[in-house]
Amino acid sequence: MLHAQSTGTALAQTRAALTAHGWCIVRGALPAATIAALDADLAPTFAETPFCRGGFYGEATKRFGRLVARSPRVAQLVQHALIQKVAETVLEPWCETIQLNVAQAIAVHPGAPAQLPHRDQDMWRGPVGEIEYLVNVIWPLSPFRTDNGATLLWSDSHGPRALEETPPSPGTAAEMRPGDALLFLGSTLHGAGANRSGEVRRALVIGYSLGWLKPYENQWLAYPPMVARHFPPELAALVGYRQHRPNLGNYEGQCPSILLGDHDGGPLAAIDALRPDQERLIARFVDDQRRAP
Ligand SMILES: O=C(O)CCC(=O)C(=O)O
Ligand SMILES: [Fe+2]
């Protein structure tokens, strides 16, 4: 277990713990008061949101997304310096930039049974055991205990172990307090625990995925240009207002961030947005053709 503020090596330690066992907890990642204020911001939405339908989401569970638009405080979680950096260093072997995959609130009500143990990466049908697709972060809004539905994690179930059968063990409950953050890989087996208490277990899930994947939550609809133009540029980029080179996620051949400025809607020139190796290859090819007799 790690204390975020303790040393400058927090990044290396957190990354090492996450990749060694598939999950880790950063204690005191944010002040409890910040999380309490965020919980208060979201309380009316928790109250109004109907229960989920279906066995995976859970019928004694409530969920809602679009958190970055729902409270200005959510940016502190999404852009938490240490946690975002950990997600980048874990995922950047397979992408140039990461993206926000989800920002969803989850309330597990009394009586909810345990959720099916699962791997979040199974939302994508890519190779298993070769790539990490996702780093998820669960921020408790209320204390997480074994009896009230704390997330259960199966240590060492990640990476190539995702090809093996589900371990028979009961999993480890991530007991936490508001301000702590649970990090786990997309390949790590986990699920919400059963809530055998009389209280609602509340949490936020903030996930980061490879920048070229289809995100779980439709980010451009969650944060349309009229909303995202009020975000700081790095946050807007994280929710999709940037291209992933080469040219992925463009708008009329340009970076979609033009929609956050004063673009008048007129025709635009498509502009290459290539990786440096592709720039070099194309420059050579174009040059050779120019020189050809
Ligand atoms: O609420 C939790 O503890 C985990 C939820 C989860 O893993 C999911 O919905 O994918
Ligand atoms: Fe999950």
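Along the sequence shown, the residues carry numbers beginning at 1.
A donor-acceptor pair under 3.5 Å is formed between the side chain of Asn195 and the backbone N or O of Val108. Gln254 places a side-chain N or O within 3.5 Å of a backbone atom of Ala269 that can act as its donor or acceptor partner. Panel note: side chain Gln219, backbone Leu100; a donor-acceptor pair is recorded below 3.5 Å. Of the possible donor and acceptor atoms, none in the side chain of His109 sits under 3.5 Å from a partner among the backbone N and O of Lys62. In this structure, the side chain of Ser157 engages the main chain of Leu189 through a donor-acceptor pair within 3.5 Å. Judged by distance alone, with hydrogens and angles left aside, the side-chain atoms of Arg280 form no donor-acceptor pair with the main-chain N or O of Arg275 at under 3.5 Å. In this structure a side-chain-to-backbone donor-acceptor pair under 3.5 Å is missing from Tyr251 to Leu259. In this structure, the side chain of Gln115 engages the main chain of Phe56 through a donor-acceptor pair within 3.5 Å. The closest donor-acceptor contact from the side chain of Asp39 to the backbone of Ser142 lies at 3.5 Å or more, if one exists at all. Side chain of Asn247 to backbone of Ala273: a donor-acceptor contact under 3.5 angstrom is found.
Residue Leu42 comes nearest to Leu141 through the heavy atom pair CD1-CD1, 4.5 Å, listed as atom of the first residue, atom of the second, then distance. Looking at every heavy atom in both residues, Pro256 comes nearest to Gly240 through CG-O, 3.6 Å. Closest approach of Tyr223 to Val68, counting heavy atoms only: OH-N, 3.2 Å. The two residues Ala107 and Arg202 have their closest heavy-atom pair at CB-CG, 4.1 Å. Contact detail for Leu152 and Pro170: the closest heavy-atom pair is CD1-O, 4.2 Å. Contact detail for Ala105 and Phe46: the closest heavy-atom pair is CB-CZ, 3.6 Å.
For the atom pair OG1 of Thr97 and NE2 of His244, the computed distance is 4.0 Å after rounding to the nearest 0.5 Å. Note that CG of Leu38 and CG of Leu77 are 6.0 Å apart. Values are rounded to the nearest 0.5 Å. Annotation: the span from Asp147 atom CG to Ser197 atom OG amounts to 5.5 Å, rounded to 0.5 Å. The distance from atom CD of Glu164 to atom OG1 of Thr166, rounded to the nearest 0.5 Å, is 10.5 Å. Between the CD atom in Gln243 and the CG atom in Leu274 there is a gap of 9.5 Å [rounded to 0.5 Å]. Between Arg73 atom CZ and Leu30 atom CG the span is 12.0 Å, to the nearest 0.5 Å.
Side-chain heavy atoms closer than 4.5 Å link hydrophobic residues (I, L, V, M, F, W, Y) into clusters, and following such links, possibly through other members, connects Leu238 to Trp212. A continuous path of Ile, Leu, Val, Met, Phe, Trp and Tyr side chains, each step under 4.5 Å between heavy atoms, connects Leu11 with Trp23, placing both in one hydrophobic cluster. Tracing side-chain contacts under 4.5 Å through hydrophobic residues (I, L, V, M, F, W, Y), one never reaches Phe51 starting from Leu116; they form parts of separate clusters.
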request  = Could you check Phe231 against Leu260 for side chain to side chain contact (heavy atoms under 4.5 Å, CB included), going step by step and ending with a plain yes or no?
outcome  = CA-CA 9 Å; Phe231 294 175; Leu260 308 181; over 6 Å; no
ask   = Going through the checks in order, is the side chain to side chain contact (heavy atoms under 4.5 Å, CB included) test met by Leu221 and Arg66?
value = CA-CA 9 Å; Leu221 294 181; Arg66 295 198 302 111; over 6 Å; no
ask   = Would Leu210 and Glu132 satisfy side chain to side chain contact (heavy atoms under 4.5 Å, CB included), going step by step from the backbone distance to the final call?
value = CA-CA 8 Å; Leu210 302 177; Glu132 284 302 337; over 6 Å; no
Worked verdict on Val90 versus Tyr208 for side chain to side chain contact (heavy atoms under 4.5 Å, CB included) = CA-CA 10 Å; Val90 169; Tyr208 310 86; over 6 Å; no
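Within 6.0 Å of the CH2 atom in Trp124, the count of heavy atoms belonging to other residues, nucleotides or ligands exceeds 12. The environment of Asp264 atom CG is dense: over 12 non-hydrogen atoms of other residues, nucleotides or ligands sit within 6.0 angstrom.
Identified under the ring pair (Phe, Tyr, Trp, His ring centres under 6.0 Å) test for residues 141-175, with sequence neighbours left out: none.
Side-chain contact between Asp120 and His190: present, with at least one pair of heavy atoms (C-beta onward) separated by less than 4.5 Å. Looking at Met123 and Tyr216, their side chains come closer than 4.5 Å, going by heavy atoms from C-beta outward. Asn136 places a side-chain heavy atom less than 4.5 Å from the side chain of Val102. Arg145 is listed as a side-chain neighbour of Glu199, based on a closest heavy-atom distance under 4.5 Å. In this structure the side chain of Cys52 never reaches within 4.5 angstrom of the side chain of Phe64, judged on heavy atoms. Side-chain contact between Pro110 and Val200 is present, with heavy atoms from C-beta onward closer than 4.5 Å. Using a 4.5 Å cut-off on side-chain heavy atoms (C-beta onward), Arg245 and Pro276 make contact. In this structure, Ile106 and Arg201 have side chains that are in contact, with non-hydrogen atoms separated by less than 4.5 Å.
Comment: Arg290 engages Asp287 in a salt bridge, judged by a side-chain N to carboxylate O separation of less than 4.0 angstrom.
Taking the six-membered ring where tryptophan is involved, the planes of His80 and Trp139 are tilted, since the angle between them lies from 30° to 60°.
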